[in-house]
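Notes for the one structure printed next.
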Amino acid sequence: METKEQLCTLLIKYLDRKCTKEEISQLLKHFELPQNETALKAAILQYFENAEAAMQGDERKEEIALREVFTKLKSEIRKYNPSSRIKYFQWFKISAVAAVILVLFSISIYFFLNYQNNQSQQVSQIIKQDIKPGGNKAILTLANNQKIILTDVKNGQLAQQGNIIIHKTKDGLVVYSVSAATSQTGRVSSAKATAYNTISTPRGGQYQVILPDGSHVWLNSASSIKYPITFAGNNREVKITGEAYFEVAHNAAKPFSVITKGQTVRVLGTHFNINAYGDEQMIKTTLLEGSVRVTANNNIHILKPGEQSRLTLDGDLKVNEANLAEAVAWKNGLFYFENTSLQNVMRQLARWYGVEIDYEGKIPNRTFTGAIHRDVNVSEVLQILKYTKVNFKINGKKIVVTP
């Protein structure tokens, strides 16, 4: 390999998964690495970091080659998440190499993990322990306070409350339906109309439920939803903690309301996400389609698709353009970061992996951009984050962030 231009051309092929075994060996030989693609990815990232420092003067061929890599990486990002609302980087604001470095960190998360699927047993020399990702875990609490651990219970009928039957499907959903007898007569037991159920997920858990009205709800980790077993009267009202994504069944005669601490969201039928964790600095309500009315402290805002309301701890309610990919990434099995602070990243990891977070010394001032699959062990996530020069240790169920 004589020039950086030739090297970049080969890197483009590698990112496009078109390298032959001989070409991969050529790359490994160039970087003086053993036959280990995990190390190769780290070397590629280091190559671009070094290129930024070394690049001086008017090196046109090298810049053209690096622009090719940038274009390829940006294309990969768009394939990975095609939302036109996501604005990753603007070329005119940064040099060719700087753009490559920034984008490479984002896309390296993507291709690093995809290539890692067959190498998941490799553990970092620094990280001696590992923690598996969360999964479908939740507890259903019935009106009589009986608790059903949904993680372990068999599929099929779970309980019957009045005329309402609760099932767990083979896909792991909790579904409410009216009994056959009630369906024929059209009558629902009024004695049970105000009975409430609650589904709660632990840290490291998530779950889905089909409510009695047909609305579909996804619960993130460390979250809960409380709802009546039948929606009587002229309103459908639920209460949540943590984070939930809603696809509300349309019913113009019965508006649907979601109540969180200090806020009420009222809809007829729509898709939206609410992030209302107690350890976050604000409650975020993001609308994907339809229309919702957000009320807090006598302030009312009507959201349009693509907008997000933010209710701060001091009661201030504002509306901004939403990053839809970020808002619903968890539902799609991803961590999504865009200039996200280290503390915010670690809070997300703490909830999903069920761990505690400690900081040794001064908290590093770092931000992260990129997407990581949530179905990987925590060591893989931490190894990626380490590229921004933040160090980690795992002690049992605790992650320690070190300088």
Side-chain angles (χ1 to χ4, degrees), residues 132-180 182-183 188 192 195-231 236-251 254 256-260 265 267 269-276 286 288-290 327-334 351-352 354 373-375:
K132 292 183 179 180
N136 287 335
K137 304 172 187 176
I139 296 175
L140 169 63
T141 303
L142 303 178
N144 61 4
N145 211 35
Q146 177 188 353
K147 296 184 183 298
I148 300 174
I149 301 176
L150 298 172
T151 314
D152 303 325
V153 71
K154 294 181 179 180
N155 300 335
Q157 183 171 326
L158 302 180
Q160 180 166 353
Q161 299 175 106
N163 300 312
I164 302 300
I165 299 176
I166 309 171
H167 285 86
K168 178 184 175 183
T169 70
K170 63 180 181 180
D171 298 323
L173 279 76
V174 170
V175 179
Y176 285 72
S177 60
V178 180
S179 67
T182 303
S183 299
V188 178
K192 296 294 183 180
Y196 282 81
N197 286 181
T198 300
I199 290 182
S200 55
T201 58
R203 293 195 307 166
Q206 63 182 12
Y207 221 81
Q208 299 179 45
V209 57
I210 305 294
L211 297 177
D213 67 333
S215 295
H216 194 163
V217 183
W218 286 255
L219 280 181
N220 203 350
S221 54
S223 303
S224 70
I225 181 169
K226 183 178 181 180
Y227 50 91
I229 62 171
T230 60
F231 289 107
R236 295 172 288 168
E237 184 176 288
V238 302
K239 296 180 180 180
I240 71 161
T241 63
E243 186 167 22
Y245 179 86
F246 291 84
E247 291 185 356
V248 176
H250 183 79
N251 186 342
K254 286 188 176 184
F256 191 100
S257 297
V258 182
I259 298 175
T260 61
V265 176
V267 305
T270 187
H271 298 184
F272 61 100
N273 189 84
I274 299 179
N275 183 319
T286 308
L288 283 81
E289 66 177 64
V328 300
W330 69 270
K331 171 182 171 289
N332 297 326
L334 297 171
R351 288 191 286 261
W352 183 237
H373 286 280
R374 300 211 312 173
D375 62 355

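Computed from a predicted structure; not experimentally measured.
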Donor-acceptor pair, [X] side chain versus [Y] backbone, under 3.5 Å?
X      : Y      : value
Thr241 : Ser223 : no
Ser221 : Gly204 : no
Arg236 : Phe231 : no
Asn144 : Gln146 : yes
Tyr227 : Pro212 : no

Which atom names give the shortest non-hydrogen contact between [X] and [Y], and what distance separates them?
X      : Y      : result
Ala249 : Gly214 : CB-C, 4.0 Å
Asn155 : Lys170 : ND2-CA, 3.4 Å
Ala143 : Ala195 : CB-CB, 3.6 Å
Pro228 : Tyr196 : N-CD2, 3.5 Å
Tyr176 : Leu211 : CB-C, 4.3 Å
Ala327 : Asn273 : O-ND2, 3.5 Å

Could you tell me if the side chain of [Y] sits less than 4.5 Å from the side chain of [X], heavy atoms only?
X      : Y      : result
Val258 : Ile274 : yes
Asn251 : Asp213 : no
Ile210 : Val174 : no
Ile166 : Leu142 : yes
Ile225 : Leu219 : yes
Val153 : Leu158 : yes

Within this structure, what is the [atom1]-[atom2] distance for the pair [X] and [Y], rounded to the nearest 0.5 Å?
X      : Y      : atom1 : atom2 : result
Ile259 : Ile240 : CD1   : CD1   : 10.5 Å
Gln160 : His167 : CD    : NE2   : 9.0 Å
Glu237 : Lys254 : CD    : NZ    : 13.0 Å
Ser177 : Asn163 : OG    : CG    : 11.0 Å
Thr201 : Asn220 : OG1   : CG    : 7.0 Å
Leu334 : His373 : CG    : NE2   : 5.5 Å

Show, in sequence, the C-alpha distance, side-chain angles and deciding distance for Ile148 and Ile139, and conclude whether the side chain to side chain contact (heavy atoms under 4.5 Å, CB included) test is met. CA-CA 6 Å; Ile148 300 174; Ile139 296 175; over 6 Å; no
Hey, do the aromatic rings of Tyr245 and Phe272 have their centres closer than 6.0 Å?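 Here the rings of Phe272 and Tyr245 have centres that are no less than 6.0 Å from each other.
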Would you please say whether a donor-acceptor pair under 3.5 Å links the side chains of [X] and [Y]?
X      : Y      : answer
Thr169 : Asp171 : no
Trp330 : Glu243 : yes
Lys137 : Thr151 : no

Using side chain to side chain contact (heavy atoms under 4.5 Å, CB included), reason through His216 and Trp218 one step at a time and then give a plain yes or no. CA-CA 7 Å; His216 194 163; Trp218 286 255; 3.3 Å; yes
Is the cationic atom of Arg203 (NZ for Lys, CZ for Arg) positioned less than 6.0 Å from the six-membered ring centroid of Trp352 and within 45 degrees of its normal?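 No, Arg203 and Trp352 do not form such a contact.
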Take a 6.0 Å sphere around NZ of Lys168 and say whether it holds more than 12 heavy atoms from other residues, nucleotides or ligands.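 More than 12 within 6.0 Å, yes.
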Is it true that atom NZ of Lys239 has more than 12 heavy atoms of other residues, nucleotides or ligands lying nearer than 6.0 Å?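 Not more than 12 within 6.0 Å, no.
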Please step through side-chain hydrogen bond (donor to acceptor under 3.5 Å, both in side chains) for the pair Asn197 and Gln161, ending with a clear verdict. CA-CA 10 Å; Asn197 286 181; Gln161 299 175 106; 2.8 Å; yes
Begin from the C-alpha positions of Val238 and Phe246 and carry the test side chain to side chain contact (heavy atoms under 4.5 Å, CB included) through to its verdict. CA-CA 11 Å; Val238 302; Phe246 291 84; 4.1 Å; yes
